[in-house]
Participant: 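Quick one: this structure, given as structure tokens, is what I'll be asking you about.
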Amino acid sequence: MKNTVNLLIVVLIVAAGFTGCQKLNLNPQSWLKSASMRSQSPDEDETTSEIEKFETKVETPFIGEYTQITGKNLIALQGVGLVTGLNGTGGNPPPSVHREALLREMRRRNVKNPNQILRSPSTALVIVKAYLPPLIRKGETFDVEVYLPGNSEATSLEGGWLMESYLAEQAMIQGRGLLKGHILAKAQGPILIPPMSEEDRKKGTSGLLRRGRILAGGISVAEDRDLALYLRNDFKSIRNAQRIANRIGTRFHHFDKYGIEEPLAEAKTDKKVVLKLKPRYKHNDSRYLQVVRYIAFRETDVAQRVRMQKLTEEIMIPEKAERASIELEAIGKKSIPILKSALKSPLLEVRFHAAVALAYLDDGSGIKDLADAAREEPAFRVYALAAMSALDEPEAHLHLRELMSMTSAETRYGAFRALWTLDKNDPFIRGENMNDQFLLHVLQTELETVTTHDPNAKEGGPKNGGPMIHVTHRKHPEVVLFGSEQEFRVPITVRAGKVLITGAPGVEQLTVSKYEVDEPDQRKLVSKNIAVVIRTAVDMGASYPDIAQMILQAHQQGNIEGQVEIDALPEGGRMYYRPVHDDSLLALKSGDLKSAKPKPKKGSRVGNQNMVPNIFTTGAPSTSGSRRSKEESEEPEIESASESGDKGKATLIDSRKPESTDEDDKFVKQNTFQSWFRYFYK
């Protein structure tokens, strides 16, 4: 019996041990099976497992992948207004919904005899149109357009003044007439029309006198316009909206008047995140939105370090430099060393993208590279100047002053606009207030000496770009004299509204006079200095449109020695063609290349027309779309800039370059007055 019990115990122990071996995978058969599936090379298997253990794959999701930005649209506004001060070119408006709307408004304001006023030849009913810009604050100004209805008896708005009018979103509904929305703005001011010679009038272009613009004539009365991010429908939730707001707030924040840190993003609903603008990006909100889109939605510290290492390599590659610089800018201050290292690249394109990112990170290490880009390459110019306007450093002031002495008109005025944005009180550009209607800027550029290469300078020409007068018909009513010693040539007879400027041959002084019924005569002798004449004419009652007309009339008659430019603004969306590598040219000379035809240049569009920094925008919707075909993004071959038709279309002086300049910098020549008319033909 005892032996039987012992035998049973042994059997149970063996059975338990076998079961344990199975659970622990200690079965010899399983060892053999496992061994047969392993690599026959122990070293190779060990290396592979180590790589898999320590490899980090970077697939960072960005905020832009889950959201859509709103608030960048223009809001079309319309109203009806009354223009006064016309010199017999007004007329009684025929019956219409517009006349009824104007009469109602006049009665509401207790205007006596409104019909009698409308019948006067010194008044005219006009349609007022405007576009309320994105991100505009309450009380800020914008441009307004006015025009006569098609059936109006009035013939010209020259010399007119728009009385205060209200602008709202409107719609014409059949059977219900003109329906108005909320009033979002009001407008008033002197009307600027294209100046025309008698020859132009005879050619049938007098119809342009029936419409005009009021620079900064609109004032927003609506609430501040902000940006917003909307989450995708398949992604929306309170949690995700809050996570996005937190990620943006961590990267972008500011301090209130009490010194408390406030994030610039706030989750309002499960799909809406309100986004406020970082002050440094105030004049380039498109760049701000680009950076926001490339903020990581979810990323560990290890993954970020790996991605930054990858971006360190990509920013040195011209084709990837733009995207890499934006990603590094979105990461923040810790990217500055990487961007600084990219400034050592021999390629202008790489240095330009790195310098732009550094500027918005409040680092001025790339100021010189931005100045080089603005001077040398039209495709980079608008973005380089905008970046320089975000850097309040003495070196930025000096480089912008130097750029105002270049030959290119858009480089000079673009640099002026950037410096004005940076510091309106800079002594070099400080303007004079002309009766609260416009600013007169007199720049002593003739005293400046250009110390760097000017790609547009003519051999034997002036070293400081020569005298130039710039007038605007968009956003900022101003006259800028590049050269304080500019004088009118005599003989001269020009008008500034009701002010007459005359000078006989050989005289050293001009006569500025004004004769008006029931008003005392005004007459004054002044020097031929253009700035002095402008000040005198304004003192006698000339408006900004009158001064602009006087300058362009004098230019047309040959009374101004220097060039006259109108809205010489640098443009966005130009094509940049990368230079051919020297290696290929050397190979061609040595005979290693069988074809005598050099490798084609690869073209890349820099930004687009809808991404122009705010200080250079026109304030109106673009006439051409920003979308481009695949063929545009990479040209198959560039024979010459004139054939491509897309190599940085600059304004006026850029079209007057000497023929000895490089092919890639040739531009289509345009007449000054065609440039002025360009807006009104839209």
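Quick caveat, the model's predicted, so the values are computed rather than measured.
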Participant: Is any side-chain heavy atom of Lys340 closer than 4.5 Å to one of Ser365?
Facilitator: yes

Participant: Identify, with sequence neighbours excluded, every residue that meets salt bridge (Lys or Arg N to Asp or Glu O under 4.0 Å) alongside Arg225.
Facilitator: none

Participant: Does the ring center of His441 lie less than 6.0 Å from the ring center of Phe416?
Facilitator: yes

Participant: Can you list the steps and then say if Glu565 with Met468 is a side chain to side chain contact (heavy atoms under 4.5 Å, CB included)?
Facilitator: CA-CA 7 Å; Glu565 300 292 334; Met468 185 180 89; 3.7 Å; yes

Participant: Out of Arg293, Arg307, Lys310, which one pairs with Glu327 under the salt bridge (charged side-chain N to carboxylate O under 4.0 Å, His left out) rule?
Facilitator: Arg307

Participant: Salt bridge check: are Arg305 and Asp301 linked by an N-O gap of less than 4.0 Å?
Facilitator: no

Participant: The criterion is ring pair (Phe, Tyr, Trp, His ring centres under 6.0 Å); which residues satisfy it with His399, sequence neighbours excluded?
Facilitator: none

Participant: What is the ring orientation for Phe380 with Phe352, classed by angle as parallel under 30°, tilted 30 to 60°, or perpendicular over 60°?
Facilitator: parallel

Participant: Do Arg381 and Thr411 get their side chains close enough for a donor-acceptor pair, meaning under 3.5 Å?
Facilitator: yes

Participant: If only atom types and distance count, is the side chain of Arg412 paired as donor or acceptor with the main-chain N or O of Gly465 below 3.5 Å?
Facilitator: yes

Participant: Go through the steps for Lys368 and Glu393 under the test salt bridge (charged side-chain N to carboxylate O under 4.0 Å, His left out), then give the verdict.
Facilitator: CA-CA 12 Å; Lys368 183 181 181 303; Glu393 296 190 10; over 6 Å; no

Participant: Return the minimal non-hydrogen interatomic distance between Val144 and Gly218, and the atom names on each side.
Facilitator: CG2-N, 3.5 Å

Participant: Are a donor atom and an acceptor atom from the side chains of Thr141 and Lys475 found within less than 3.5 Å of each other?
Facilitator: no

Participant: Any carboxylate oxygen within less than 4.0 angstrom of a Lys/Arg side-chain nitrogen, looking at Glu313 and Lys320?
Facilitator: no

Participant: Would a 4.5 Å heavy-atom cut-off, applied to side chains only, mark Leu167 and Ile183 as touching?
Facilitator: no

Participant: Is there a donor-acceptor contact under 3.5 Å linking the side chains of Thr472 and Glu478?
Facilitator: no

Participant: Might you point out which heavy atoms bring Leu385 and Ala374 nearest each other, and give the distance in Å?
Facilitator: CD2-CB, 3.9 Å

Participant: Asn73 versus Ile75: any side-chain heavy-atom pair under 4.5 Å?
Facilitator: yes

Participant: Taking C-beta and beyond as the side chain, do Arg375 and Met406 meet within less than 4.5 Å on heavy atoms?
Facilitator: yes

Participant: Ignoring hydrogens and geometry beyond distance, is a side-chain donor-acceptor pair present between Asp426 and His397 at under 3.5 Å?
Facilitator: yes

Participant: I'd like to know if Asp369 and Lys344 make a salt bridge, using a cut-off of under 4.0 Å between side-chain N and carboxylate O.
Facilitator: no

Participant: Is the distance between the ring centroids of Phe297 and Phe235 under 6.0 Å?
Facilitator: yes

Participant: Nearest 0.5 Å please: distance from the CD1 atom of Ile136 over to the OH atom of Tyr131.
Facilitator: 15.0 Å

Participant: Indicate the atoms forming the closest heavy-atom contact of Ile615 with Ala386, along with that distance.
Facilitator: CD1-CA, 4.3 Å

Participant: Please name the pair of heavy atoms, one in Gly366 and one in Ala355, separated by the smallest distance, quoted to 0.1 Å.
Facilitator: O-CB, 3.4 Å

Participant: Is the ring centre of Tyr288 less than 6.0 Å from the ring centre of Phe252?
Facilitator: yes

Participant: Under a 4.0 Å N-O cut-off, is there an ion pair linking Asp143 with Arg213?
Facilitator: yes

Participant: If you look at every heavy atom in Asp270 and Ala241, which pair is closest and at what distance?
Facilitator: O-CB, 4.0 Å

Participant: Is the shortest distance from a Lys or Arg side-chain nitrogen in Lys268 or Glu266 to a carboxylate oxygen in the other one below 4.0 Å?
Facilitator: yes

Participant: Would you please name every residue forming a side-chain hydrogen bond (donor to acceptor under 3.5 Å, both in side chains) with Asp285, sequence neighbours left out?
Facilitator: Lys72, Asn614

Participant: Can you confirm whether Glu140 sits close enough to Ile219 that some side-chain heavy atom of one is under 4.5 Å from a side-chain heavy atom of the other?
Facilitator: no

Participant: Is there a donor-acceptor pair under 3.5 Å between the side chain of Ser325 and the backbone N or O of Glu322?
Facilitator: yes

Participant: Is it true that Tyr281 and Tyr360 have ring centroids separated by less than 6.0 Å?
Facilitator: yes

Participant: With a 4.5 Å limit on heavy-atom distance, are the side chains of Arg280 and Asp362 in contact?
Facilitator: yes

